[in-house]
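The next block holds one structure in the form of structure tokens; read it before the comments.
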Amino acid sequence: MKLLVVGGGGREHAIIKSLKKNPEITEIFACPGNGGIAKDAICTGIGATKIDEIVAFAVENAIDYAVVAPDDPLVLGCVDALNEKGIPCFGPKANAAIIEGSKVFSKNLMKKYGIPTAQYEVFSDMNAALNYLDNAPIPTVVKADGLALGKGVIIAQTREEAKTAVRDMMEGGIFGKSGSTVVIEEFLTGPEVSVLAFTDGKVVKPMVSSMDHKRIGDHDTGLNTGGMGTIAPNPYYTAEIAEECMKTIFLPTIDAMNAEGRTFQGCLYFGLMLTPNGPKVIEYNCRFGDPETQVVLPLLESDLLTVMRACTDGTLAETEVKFADKHACCVILASNGYPQSYKKGFEITMTPEAEVATYVAGGAIKDGKLVTSGGRVTGTTAIAESLENAIKEAYRLSDGVKFEGAYRRSDIGQRALLALK
Ligand code: AMP
Ligand code: GLY
């Protein structure tokens, strides 16, 4: 079988390494892939949002199955375009990917179908938003409606900060069209949990839960990033809470999307907050999380391609999705300066044992060498019988990955360890 994976980050590297365990697969192509993925797949260099070029490549190369991993091509209709040429895909069509593509859509969906989430108001008129903020409870949360590279959420501690965020988005255009409509919502508190779930539009099979570490600095300080490390499972997410989420959030979401004529097939990511009033949805993503995938898929014992095809074929109910009863930790190495400005082009070296455990997010090949080409550069994952040992081993292996200016958080998993005590 010939596969095509759209995307080129650490998540896609983890997906490709997991898919490769299936002996039926003869070739995997990546659009665009990256310098590290090149060890495991044929990198085409075609950008993930170049839908026409991706489709032309897939047709020319007789691709049997495609996996569309990032949000932008999903929202742009990459799955629809490949399906039109008869190529089956893992991932939602554009009309379902809107669950991530528009916060207004997802908030209204939750309100209409009674799915627990933060109270909110939607504004397309800036003055109305500013007036509302004069009396809104503080802290408050301002969100750009559309995709904003994970940066479209501002937690405002004061009214002035909230107003500045609204002006920046609606007048300053810092997120372009994505910010011309904003959602202002209630500030929630509680531990956060990421739950990725396979769904064929009929049943939903959650994967092992995980915890992201979004801030750049130790002890959750500094700017938000794409994610500096992950652990799985998330100790706050007990069996009892999982059961509640299935009843109040997961199944109602699948049913709501069907009722709207927007059947969702693929990986639905539930960003949850376990508030004193029960679990609530912070956000939906229409795809695997990054770097959640780097701890979740290494724990998957079932064959990934089989499960993905079951989502596409509508046979997920009959397909086993089994996870190892173990713990995983992923430690990200980033370029010094990330998430703001940083230099690129430094050589990346890895010991053989580190290389086996490492997914490359931002790496390119230059003069035959692997060099840094992004903010987040690598993610190194270890699996162990206990969370404590998974963390120790992930740090030990990550010591074997080297490049100039490498930065990592030193406390990935520590909050989770405390929760276990
Ligand atoms: P997002 O970019 O949607 O993942 O949001 C980034 C982060 O903002 C989340 O991981 C939460 O920590 C935080 N956040 C988003 N919405 C809320 C909310 N209503 N209350 C508190 N924190 C929030
Ligand atoms: N790690 C968060 C995300 O993938 O959106």
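These numbers come from a predicted model, not from an experiment. All ligand and atom numbering here is 1-based and tracks the order in the structure.
Scored by the salt bridge (charged side-chain N to carboxylate O under 4.0 Å, His left out) test, Glu353 finds Arg396 as partners (sequence neighbours excluded).
Every atom of ligand 1 with a heavy atom of Glu185 under 4.0 Å away is listed here by number and element: 16 (N), 17 (C), 18 (C), 19 (N). Heavy-atom contacts of Ile155 reach the following atoms of ligand 1: 8 (O), 13 (C), 14 (N), 22 (N), 23 (C) (cutoff under 4.0 Å). Residue Lys214 approaches ligand 1 through these ligand atoms, each under 4.0 Å from one of its heavy atoms: 4 (O), 10 (O). Those atoms of ligand 1 that come under 4.0 Å of a heavy atom in Phe187, given as number and element, are 20 (N), 21 (C). In summary, the atoms of ligand 1 found under 4.0 Å from a heavy atom of Ile282, numbered by their order in the structure, are 15 (C), 16 (N), 17 (C), 18 (C), 23 (C).
Residues Thr358 and Thr380 bring a donor and an acceptor atom of their side chains to less than 3.5 Å of each other. Glu100 and Tyr269 share no donor-acceptor pair across their side chains, judged by distance under 3.5 Å alone. Residues Tyr113 and Glu260 bring a donor and an acceptor atom of their side chains to less than 3.5 Å of each other. For the residue pair Glu292 and Ser194, a side-chain donor N or O sits within less than 3.5 Å of a side-chain acceptor on the partner.
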Considering only N or O atoms, set out every pair between ligand 2 and the protein closer than 3.5 Å, with distances to one decimal place.
{"from": "ligand 2", "atom 1": "1 (N)", "to": "Asp212", "atom 2": "OD2", "distance (Å)": "2.8"}
{"from": "ligand 2", "atom 1": "1 (N)", "to": "Asp290", "atom 2": "O", "distance (Å)": "2.9"}
{"from": "ligand 2", "atom 1": "1 (N)", "to": "Glu292", "atom 2": "OE1", "distance (Å)": "2.8"}
{"from": "ligand 2", "atom 1": "1 (N)", "to": "Glu292", "atom 2": "OE2", "distance (Å)": "3.3"}
{"from": "ligand 2", "atom 1": "4 (O)", "to": "Arg287", "atom 2": "NH1", "distance (Å)": "3.0"}
{"from": "ligand 2", "atom 1": "4 (O)", "to": "Asp290", "atom 2": "N", "distance (Å)": "2.9"}
{"from": "ligand 2", "atom 1": "5 (O)", "to": "Asn285", "atom 2": "ND2", "distance (Å)": "3.3"}
{"from": "ligand 2", "atom 1": "5 (O)", "to": "Arg287", "atom 2": "NH2", "distance (Å)": "2.9"}

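Summarising the geometry, atom CG belonging to Leu299 is positioned 11.5 Å from atom NZ belonging to Lys322; distances are rounded to the nearest 0.5 Å.
The ring pair (Phe, Tyr, Trp, His ring centres under 6.0 Å) pairs that include a residue from residues 176-201 number zero, where partners must be two or more places apart or lie in different chains.
Contact annotation: for Val141 versus ligand 1, heavy atoms closer than 4.0 Å belong to the side chain alone. At a heavy-atom distance under 4.0 Å, only side-chain atoms of Glu192, from C-beta outward, approach ligand 1.
Of the candidates Val153, Thr140, Asn224, Val153 brings a heavy atom nearest to atom 5 (O) of ligand 1. The heavy atom nearest to atom 15 (C) of ligand 1, considering only Glu283, Glu100, Lys143, is found in Lys143.
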Between side-chain atoms of residues 332-343 and protein atoms elsewhere (two or more places apart, or another chain), which donor-acceptor pairs fall under 3.5 Å?
{"from": "Ser335", "atom 1": "OG", "to": "Gly374", "atom 2": "O", "distance (Å)": "2.7"}
{"from": "Tyr338", "atom 1": "OH", "to": "Gly226", "atom 2": "N", "distance (Å)": "2.9"}
{"from": "Tyr342", "atom 1": "OH", "to": "Gly375", "atom 2": "N", "distance (Å)": "3.0"}

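A cation-pi arrangement, defined by a distance under 6.0 Å to the six-membered ring centre and an angle within 45 degrees of its axis, is present between Lys111 and Tyr120.
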Could you please spell out the steps behind the ring pair (Phe, Tyr, Trp, His ring centres under 6.0 Å) verdict for Tyr65 and Phe90? CA-CA 8 Å; Tyr65 192 75; Phe90 182 81; 7.4 Å; no

